[in-house]
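Here's the structure, in structure tokens; my notes come after.
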There are 2 protein chains.
Amino acid sequence: MADVIPAQAPGHSNGASGLTDQETVALIELMFFAYRDFVSDPDEILAQFGFGRAHHRVLHFVGRDPGMTVQQLLDILRITKQSLGRVLKELIDKGYVYQKEGESDRRQRLLHLTAAGDALRQRLMGPQMERIRRAAALSGGGAAQACRRTLYNMVSPANRAAVRDWIERASVLGDEAGKRG
Amino acid sequence: MADVIPAQAPGHSNGASGLTDQETVALIELMFFAYRDFVSDPDEILAQFGFGRAHHRVLHFVGRDPGMTVQQLLDILRITKQSLGRVLKELIDKGYVYQKEGESDRRQRLLHLTAAGDALRQRLMGPQMERIRRAAALSGGGAAQACRRTLYNMVSPANRAAVRDWIERASVLGDEAGKRG
DNA sequence: GTAAATATGTCAACATGGCTGACGTAATTC
DNA sequence: GAATTACGTCAGCCATGTTGACATATTTAC
């Protein structure tokens, strides 16, 4: 395992992946560089509202699946309920998110965005969609689709089903629907 | 520009990008999910050493370009020298990084990894390379190459030259060389 | 119908890793 | 010789993650 890297001539493709070591490392580094810039636009907007990335994530995912439970959000974010509690409280206090008692299960506090919350979410998403579209236009639409598959396969196998479910549900209901099935 | 998004039927491809809104949002979310899992393996290893992601970044980039200056590292990480100073000091104190006075400019403290630093870097990189290779094998090598281009084009235009230079220099010198030209 | 499990909220304390501002030293450049 | 540059450091603040403990309401299981 430890000798995978050294025992290979530079420029040589490796196993089933068809990637050289250099290409693999390039992808590792591009994950850093792309992510670094990917979050920079929302960060600037958020700063104007006194919010951070944690608030953005909540706004995004709640807006994507209105009526989701707190536990579902925790499962996506992979943070503790205490960490979520802090930002969620702020978003509720400032009128961007509200909670509705579950009908079938009255312990649940189903999460929804207010009009202001949805507006902010759209505003945050705008530059990111532009960025993705720009990248897709430069690389070709097929490349973007390939990137989508590759990023999906970078997700840990144990988490893929959940991610696939999330993306697919979103693809059906979408933003336009704004409601759950 | 502002009306690109709303005036579009769901499932309809959009402009030059060739991506529907759903596909674009899927890519946004996959950046989150893939990155979340992408850093999870190193995080576990780092915890055993009492280090965090910030240490990982320093180890990685210094190991990638031994002899780089502090300022070059700051330009890559996009953090303040005070933030870097903290983790750099720890890495030096614990014997993973050392500094060498610049020959042509003796103000510079050129950064290098010790043997222990390089070993840790390799250990942290291992799971990430495996993850990338696994994803490439599942998606196809061509998809991974397309992903590479797309991620590159997600980088802000102003930063692309620096990123390209970095990746290309790395591709020439590579890890194997371990030295600067 | 009571007991256990679940969904959520909250308090307190702590760690990491960003940030700003200020200041110091050595070396280089003008 | 003065200004700039490369780097280090001290002090304090903020955002956001963590653990552990505990409370409350509701649902589920026996």
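In what follows, every chain begins at residue 1, and chains take the letters A, B, ... in the order their sequences are listed. Hydrogens, waters and symmetry mates play no part in the numbers below; they use all other heavy atoms, side chains included.
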Under 4.0 Å protein heavy-atom contact, by nucleotide of nucleotides 4-15 of chain D - B base, S sugar-phosphate only
-BSBBBB-----
Got a sec, which residues hit side chain to side chain contact (heavy atoms under 4.5 Å, CB included) with A:Ala119, two or more places apart in sequence or on another chain?
none
Set of residues satisfying side chain to side chain contact (heavy atoms under 4.5 Å, CB included) with respect to A:Val163, sequence neighbours excluded
A:Tyr152, A:Val155, A:Ile167, B:Leu30, B:Phe33, B:Arg36
Distance below 4.0 Å between A:Ser83 side-chain N/O and D:dT16 OP1 or OP2:
no
Would you say a side-chain N or O of A:Arg57 is under 4.0 Å from OP1 or OP2 of D:dG17?
yes
Pairwise 5' ranking along DNA chain D for A:Glu90 and A:Glu101, keeping only the more 5' one:
A:Glu90
Please tabulate, one pair per line, all N/O donor-acceptor pairs under 3.5 Å involving side-chain atoms of residues 55-63 of chain B, not counting sequence neighbours.
residue	atom	partner	partner atom	Å
B:His55	ND1	B:Gly52	N	2.8
B:His55	NE2	B:Glu90	OE1	3.1
B:His60	NE2	A:Glu29	OE2	2.7

Chain B on DNA chain C: first and last contacting nucleotide, 5' to 3', under 4.0 Å to a heavy atom?
C:dG17 to C:dT28
Kindly state each residue pair satisfying ring pair (Phe, Tyr, Trp, His ring centres under 6.0 Å) with at least one member in residues 98-147 of chain B, sequence neighbours excluded.
B:Tyr98-B:His112
For the helix from C:dG1-D:dC30 to C:dC30-D:dG1, what angle separates the axis at the start from the axis at the finish, each from five pairs, in steps of 10°?
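Between the first-five-pair axis and the last-five-pair axis there is 30°.
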Contacts of [X] that satisfy side-chain hydrogen bond (donor to acceptor under 3.5 Å, both in side chains) - sequence neighbours left out:
X: B:Ser156; value: A:Asp37, A:Arg131
X: B:Gln71; value: B:Asp75
X: B:Arg134; value: none

Who pairs with A:Tyr96 by ring-ring contact (aromatic ring centres under 6.0 Å, His included), at least two apart in sequence or on another chain?
A:Phe51
Can we say B:Lys89 and B:Asp93 salt-bridge, meaning some charged N sits less than 4.0 Å from an Asp/Glu carboxylate O?
yes
Kindly state each residue pair satisfying salt bridge (charged side-chain N to carboxylate O under 4.0 Å, His left out) with at least one member in residues 43-53 of chain A, sequence neighbours excluded.
A:Asp43-A:Arg53
